[in-house]
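Below: one structure, written as structure tokens.
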2 protein chains.
Amino acid sequence: MRAITSSRAENLSIGELSKYSGVNIETIRYYERIKMLPAPPRTASGRRLYGPAEKRTLAFIRRSRDLGFTLEEIRALLDLGGPERASCADVHKIASAHLAKVRSKLSDLAKLEAILAETVARCTDGAAPDCPVLDILDAGRQGD
Amino acid sequence: MRAITSSRAENLSIGELSKYSGVNIETIRYYERIKMLPAPPRTASGRRLYGPAEKRTLAFIRRSRDLGFTLEEIRALLDLGGPERASCADVHKIASAHLAKVRSKLSDLAKLEAILAETVARCTDGAAPDCPVLDILDAGRQGD
DNA sequence: CTTGATCCTGTAGTCACTACAGGATGCATG
DNA sequence: CATGCATCCTGTAGTGACTACAGGATCAAG
């Protein structure tokens, strides 16, 4: 088990960063490959060493992903929030576009839930002669 | 424009089936490749000819996809609804498992919507000194 | 006979990861 | 100092559900 300390310096190995951030090791390397994360410095033997900046960036990405932003959107947000944190208007544009998408998905999903719930409810006994779920899915005879 | 009729027989070309069902041509071929749809008969020159059975099956798939079932689930449903349409209980199991997933996704999405909406609302003027969206995403200093 | 629409196969790209294979280090213990 | 296990490395391929070509064949109308 070897004790996960080693934070004597503020440098983290990829495994520690992974545990800390809740982002899979493979995913961290993937982020580096696609340039979501800068390539960190390495030890003499080639192991990645992450400092507090990378830690923060990864946390930002993680949180944004949780909120459903795509990596492309996050890239834009990172650029905007980078060196000069000027353009709140641009950030607002990205975030509200995303919000609109979330809302539309939400309403679709709500409709879907209603249909499914209603359908499933109609055969809770499991003894119906014809299966209403299949009938719903099989619909299309009425317009045919 | 060449008139989309040709329903003299009840056979459809892949293009007609696509238009009729709202499923992309490429997707129809993809379904055939992964065996969601049976390989249809062909004309002498090798073009696919679809009859009413395929039309129905594709409509079933389409509708199920709209309701968020995975292709794997749909495959199971098709098997269940196939030759002997006996096991409504099995269908019920698949559908209600799916319903549970939908509900959990729905509640996640609702939470997400609330956070996003609140965050975006806080900078509608676009003139805030610091950007609340970036701040929310950048959170993590409090626990650090 | 030419033109343009439609069709064919096969391959590769998308998104956001995830899962290996096959090997090199790091480090604590005997 | 050797052993052994955890961790790390690179590189490639797989996932789901498509989508997008390239490069060619066929069809039907004018």
Side-chain angles (χ1 to χ4, degrees), chain A residues 1-9 11-37 39-50 54 58 60-76 78 98 101 105, chain B residues 1-6 8-9 11-37 39-50 54 58 61-76 78 98 101 105:
Chain A
M1 252 310 176
R2 231 135 307 291
I4 313 288
T5 52
S6 100
S7 339
R8 19 192 166 184
N11 287 330
L12 302 174
S13 72
I14 195 171
E16 289 162 338
L17 182 63
S18 168
K19 243 162 219 154
Y20 172 86
S21 65
V23 176
N24 203 315
I25 288 185
E26 316 273 31
T27 305
I28 296 174
R29 284 198 284 248
Y30 166 72
Y31 284 163
E32 181 179 330
R33 206 161 61 243
I34 64 166
K35 276 152 206 187
M36 286 296 300
L37 281 179
R42 306 281 188 124
T43 67
S45 69
R47 303 195 164 193
R48 292 170 179 84
L49 270 188
Y50 295 95
E54 284 96 341
L58 187 58
F60 183 97
I61 296 174
R62 171 80 216 261
R63 203 161 154 67
S64 304
R65 288 291 301 132
D66 283 351
L67 292 179
F69 287 91
T70 66
L71 291 181
E72 234 16 76
E73 287 165 337
I74 298 170
R75 226 190 277 269
L78 281 171
H98 179 56
K101 275 189 286 174
K105 206 186 279 174
Chain B
M1 260 293 188
R2 229 138 305 292
I4 313 289
T5 51
S6 100
R8 18 191 165 187
N11 287 331
L12 301 174
S13 72
I14 196 170
E16 289 162 338
L17 182 63
S18 169
K19 243 163 218 154
Y20 172 87
S21 65
V23 176
N24 202 317
I25 289 184
E26 317 271 31
T27 305
I28 296 173
R29 285 198 283 249
Y30 166 72
Y31 284 164
E32 181 179 331
R33 206 160 61 241
I34 63 167
K35 276 153 204 184
M36 286 296 299
L37 281 179
R42 306 277 187 127
T43 67
S45 67
R47 302 192 165 195
R48 291 170 179 84
L49 269 187
Y50 294 96
E54 283 97 341
L58 187 57
I61 296 174
R62 170 82 218 257
R63 203 162 153 66
S64 305
R65 287 290 300 133
D66 283 351
L67 292 179
F69 287 92
T70 66
L71 290 180
E72 235 16 76
E73 287 166 336
I74 298 170
R75 228 190 276 270
L78 282 171
H98 179 56
K101 275 188 286 174
K105 206 187 281 174

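Chain naming here is simple, since letters A, B, ... match the order of the sequence lines and numbering starts at 1 in each.
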Could you list the residues that satisfy salt bridge (Lys or Arg N to Asp or Glu O under 4.0 Å) with B:Arg33, not counting sequence neighbours?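 If we apply the salt bridge (Lys or Arg N to Asp or Glu O under 4.0 Å) test to B:Arg33, skipping adjacent residues, there are no hits.
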
Which residues pass the salt bridge (Lys or Arg N to Asp or Glu O under 4.0 Å) test with A:Arg29, not counting sequence neighbours?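 Checked A:Arg29 against salt bridge (Lys or Arg N to Asp or Glu O under 4.0 Å); matches are A:Glu26.
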
Can you see if the side chain of [X] gets near the phosphate of [N] - specifically, an N or O under 4.0 Å from OP1 or OP2?
X	N	answer
B:Tyr31	D:dA17	no
B:Arg42	C:dT9	yes
A:Arg48	D:dT10	yes

Without decimals, in angstroms, what is the distance between [X] [atom1] and [N] [atom2]?
X	N	atom1	atom2	value
B:Leu49	C:dC7	CG	C1'	12 Å
B:Met36	D:dG16	CE	P	12 Å
B:Leu17	C:dT6	CG	P	15 Å
A:Ile28	C:dA16	CD1	P	17 Å
A:Tyr30	D:dG11	OH	P	17 Å
B:Arg47	D:dA25	CZ	P	13 Å
A:Leu12	D:dT7	CG	P	15 Å
A:Phe69	C:dC15	CZ	P	18 Å

What does [X] touch in the nucleic acid at a heavy-atom separation under 4.0 angstrom: a base, only the sugar-phosphate, or nothing?
X	answer
A:Thr43	nothing
B:Ile25	sugar-phosphate
A:Ile14	sugar-phosphate

Let me spell it out: for each of A:Ser45 and B:Arg65, pick the nucleotide of DNA chain D with the closest heavy atom. Which residue's pick is nearer the 5' end? A:Ser45

Side chain to side chain donor-acceptor pair (under 3.5 Å) partners for B:Lys105, two or more places apart: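 With sequence neighbours excluded, B:Lys105 shows a side chain to side chain donor-acceptor pair (under 3.5 Å) to no residue whatsoever.
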
Which listed nucleotide ([options]) is nearest to the side chain of [X]?
X	options	answer
B:Lys19	D:dT10, C:dT6, D:dC18	C:dT6
A:Ser13	D:dC18, D:dC8, D:dT10	D:dC8
A:Leu71	C:dC7, C:dT9, C:dC17	C:dC17

Residue mapping more 5' on DNA chain C - nearest nucleotide basis, B:Glu32 or A:Thr70: B:Glu32

Which pair of heavy atoms, one from A:His98 and one from A:Leu67, lies closest together, and at what distance?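 Nearest heavy atoms, A:His98 then A:Leu67: NE2-O, 2.9 Å.
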
Determine whether A:Phe69 and A:Ile61 make a side-chain contact, defined as any pair of heavy atoms from C-beta on separated by less than 4.5 Å. no

Side chains of B:Leu58 and B:Tyr50, heavy atoms from C-beta outward: is any pair under 4.5 Å? no

For A:Leu49, side chain to side chain contact (heavy atoms under 4.5 Å, CB included) partners two or more places apart: A:Asn11, A:Thr43

Listed partners of B:Asp66 passing side chain to side chain contact (heavy atoms under 4.5 Å, CB included), at least two apart: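 So B:Asp66 forms a side chain to side chain contact (heavy atoms under 4.5 Å, CB included) with B:Arg62.
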
Dump the pairs, protein N or O against N or O of nucleotides 19-21 of chain C, anything under 3.5 Å, distances to one decimal.
| from | atom 1 | to | atom 2 | distance (Å) |
| --- | --- | --- | --- | --- |
| C:dC20 | N4 | A:Glu26 | OE2 | 3.4 |

